[in-house]
Trainee: 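Below you'll find the structure I mean.
In the text below, chain A, chain B and the rest are named by the order of the sequence lines, each starting its count at 1. What you see is a predicted model, and the numbers here were worked out from it, not measured in a lab.
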There are 2 protein chains.
Amino acid sequence: MWIPIQLNEQSAEPMYYQIEVQLRALIVSGQLAEGSLLPSIRELAQTLKCSVITIRRVYQDLENEGLLRTRQGTGTYVAKVGDEMRDVHRRSAVIEALEAAVDAGIRVKCSDQEMLDMLLDVLKRRRERVSSGAEGGE
Amino acid sequence: MWIPIQLNEQSAEPMYYQIEVQLRALIVSGQLAEGSLLPSIRELAQTLKCSVITIRRVYQDLENEGLLRTRQGTGTYVAKVGDEMRDVHRRSAVIEALEAAVDAGIRVKCSDQEMLDMLLDVLKRRRERVSSGAEGGE
DNA sequence: TATACTGTATATATCTTTATACACAGTATA
DNA sequence: TATACTGTGTATAAAGATATATACAGTATA
């Protein structure tokens, strides 16, 4: 009934958005199994020290994306999504971000090779940071 | 005295932001030479059918980034920036976007290889689109 | 110095985003 | 059926983003 979500008060990202991003990732990566019962909106609101309405919004947004299923009086569950569909969801956030990066690259006349090199660079830096313990996936 | 900037009215991106992104790219990619005199804020405002204050904001933001130099009564010029510094500027927008993509990927447990493949995919699709004439860099 | 161009500062209108309280409604069960 | 949980709908507060008009100030030059 507990789920690993961490809010960063410093970040400019709004609360509801931080929660959505993290919860969505937990679902589409399979870390939250289909059919799992999520914490009630009141419980999660208390845990994250925000209002019930904020959590409500998150659950509703993700339900509109087809990732959650909600029943008044009972609770909110991880929806059953086909493997194929889940992989689409899983990749789409990454793809969109990559498309934005490619757009930026094209505007400043980056070659494909240059962009690949930059991605390798970013990946390398991230892995160094993670392995040195500054940050961890879970 | 004319610069190639195109506003997309449909886009959710605010005008000032669209202008900034395009003008910044023109500068850091060297398409606008150091020392070039830009159109006056009134002239560009008229061309783009927006208010003088909007252009003023763009010029001021880019001046704060060190890309423009402005003198009241005279006009606004492309600043002289060292080659090294210009390349930092040129790459930074791309790098930041790539970092966001990598963050998204890590959250959904993408392997490095998977991310590289996705980037290659996006690049391939973009190049197909461009070569078929749907869109052009300049 | 008059004038016609530059950028600048102040004040403000409008809209959107973010977050909230509180009263309402469905469900399970002791 | 009483009660103690679930989610829902309405109305609104507060802050921030976006874009603007208008009056002001510096600069060049006929």
Side-chain angles (χ1 to χ4, degrees), chain A residues 1-3 5-24 27 32 35-79, chain B residues 1-3 5-24 27 32 35-79:
Chain A
M1 207 59 169
W2 174 86
I3 51 176
I5 288 181
Q6 292 197 321
L7 287 186
N8 176 0
E9 287 294 334
Q10 314 314 317
S11 165
E13 309 269 70
M15 273 191 290
Y16 86 92
Y17 185 77
Q18 293 186 44
I19 303 172
E20 278 188 17
V21 167
Q22 294 180 49
L23 186 49
R24 188 183 297 111
I27 296 170
L32 270 174
S36 304
L37 174 63
L38 266 52
S40 80
I41 57 177
R42 285 171 182 82
E43 186 182 345
L44 188 51
Q46 194 166 12
T47 304
L48 298 180
K49 297 183 205 325
C50 67
S51 111
V52 166
I53 290 92
T54 299
I55 304 299
R56 157 80 168 137
R57 171 178 184 176
V58 170
Y59 282 6
Q60 195 165 250
D61 287 349
L62 294 185
E63 180 168 26
N64 289 339
E65 293 176 22
L67 296 178
L68 294 181
R69 189 172 53 83
T70 236
R71 263 181 49 206
Q72 185 170 355
T74 302
T76 300
Y77 301 82
V78 176
Chain B
M1 206 59 169
W2 173 86
I3 51 175
I5 287 181
Q6 291 197 322
L7 286 185
N8 177 358
E9 287 294 335
Q10 315 314 318
S11 166
E13 308 269 68
M15 273 189 291
Y16 85 91
Y17 186 78
Q18 292 185 44
I19 303 171
E20 278 188 17
V21 166
Q22 294 180 49
L23 185 49
R24 188 184 296 112
I27 296 170
L32 271 174
S36 305
L37 175 63
L38 266 52
S40 79
I41 57 177
R42 285 172 182 82
E43 187 183 344
L44 189 50
Q46 195 166 10
T47 304
L48 298 181
K49 297 183 206 325
C50 67
S51 110
V52 166
I53 290 93
T54 299
I55 304 299
R56 157 78 168 138
R57 171 176 183 175
V58 169
Y59 283 4
Q60 195 165 252
D61 287 348
L62 295 184
E63 180 168 27
N64 289 339
E65 293 176 23
L67 296 177
L68 294 181
R69 190 171 53 83
T70 237
R71 264 182 51 207
Q72 186 170 356
T74 302
T76 301
Y77 301 82
V78 176

Trainee: On a heavy-atom basis, which atom in B:Leu23 and which in B:Tyr59 lie closest, and how many Å separate them?
Mentor: CD2-CE1, 3.9 Å
Trainee: Just how far, in rounded Å, is C1' of C:dT18 from CD of A:Glu20?
Mentor: 12 Å
Trainee: Round to the nearest Å and state the distance from A:Leu37 atom CG to D:dG7 atom C1'.
Mentor: 12 Å
Trainee: Test of understanding: with side chain to side chain contact (heavy atoms under 4.5 Å, CB included), list the residues that count as partners of B:Ile53, not counting sequence neighbours.
Mentor: B:Ser51
Trainee: Under 4.0 Å: is that the gap between some side-chain N or O of B:Ser40 and OP1 or OP2 of C:dT6?
Mentor: yes
Trainee: Provide, to the nearest angstrom, the distance between the CD atom belonging to A:Glu13 and the C1' atom belonging to C:dA19.
Mentor: 16 Å
Trainee: Within this structure, what is the CD1-to-P distance between A:Ile41 and D:dG9, rounded to whole angstrom?
Mentor: 11 Å
Trainee: What residues form a side chain to side chain contact (heavy atoms under 4.5 Å, CB included) with A:Tyr16, not counting sequence neighbours?
Mentor: A:Pro14, A:Glu20, A:Thr54, A:Arg57, A:Val58, A:Asp61
Trainee: Please give, in whole Å, the distance from D:dT10 C1' to A:Gln60 CD?
Mentor: 13 Å
Trainee: Donor-acceptor pairs under 3.5 Å, side chain of residues 38-45 of chain B to any protein atom, not counting sequence neighbours: which ones?
Mentor:
{"unit_1": "B:Ser40", "atom_1": "OG", "unit_2": "B:Arg42", "atom_2": "N", "d": "3.4"}
{"unit_1": "B:Ser40", "atom_1": "OG", "unit_2": "B:Glu43", "atom_2": "N", "d": "3.1"}

Trainee: Name all residues meeting the side chain to side chain contact (heavy atoms under 4.5 Å, CB included) criterion together with A:Asn64; count only those two or more places apart in sequence or in a different chain, and write none if there are none.
Mentor: A:Gln60
Trainee: Which parts of nucleotides 22-30 of chain D does protein reach within less than 4.0 Å, heavy atoms only, written one letter per nucleotide 5' to 3' as B for base, S for sugar-phosphate only and - for none?
Mentor: B--BBSS--
Trainee: Could you measure the distance from the CD1 atom of B:Ile19 to the SG atom of B:Cys50? Nearest 0.5 Å is fine.
Mentor: 4.5 Å
Trainee: Between A:Gln46 (CD) and D:dT6 (P), how many Å, whole number?
Mentor: 11 Å
Trainee: B:Thr47: what forms a side chain to side chain donor-acceptor pair (under 3.5 Å) with it, not counting sequence neighbours?
Mentor: none
Trainee: Could you tell me which residues satisfy salt bridge (charged side-chain N to carboxylate O under 4.0 Å, His left out) with B:Arg56, sequence neighbours excluded, listed by chain and number?
Mentor: none
Trainee: What's the shortest heavy-atom distance between B:Ile5 and B:Leu48, and which atoms?
Mentor: O-CD2, 3.9 Å
Trainee: Rounded to whole Å, please give me the gap between CD1 in A:Ile55 and C1' in C:dA21.
Mentor: 16 Å
Trainee: For A:Tyr77, does the OH atom have more than 12 heavy-atom neighbours from other residues, nucleotides or ligands under 6.0 Å away?
Mentor: yes
Trainee: Excluding sequence neighbours, so at least two apart, what forms side chain to side chain contact (heavy atoms under 4.5 Å, CB included) with B:Gln46?
Mentor: none
Trainee: Taking N or O atoms only and anything under 3.5 Å, show me the protein contacts with nucleotides 15-18 of chain D, one pair per line.
Mentor:
{"unit_1": "D:dT18", "atom_1": "OP2", "unit_2": "B:Tyr16", "atom_2": "OH", "d": "2.7"}

Trainee: Would you write out the dot-bracket form of DNA chain D, 5' to 3', with Watson-Crick and G-U pairs under 3.5 Å, [ ] for crossing pairs, | for pairs to other strands and . for unpaired bases?
Mentor: ||||||||||||||||||||||||||||||
Trainee: What is the distance, to the nearest angstrom, from the OH atom on A:Tyr17 to the P atom on C:dA19?
Mentor: 13 Å
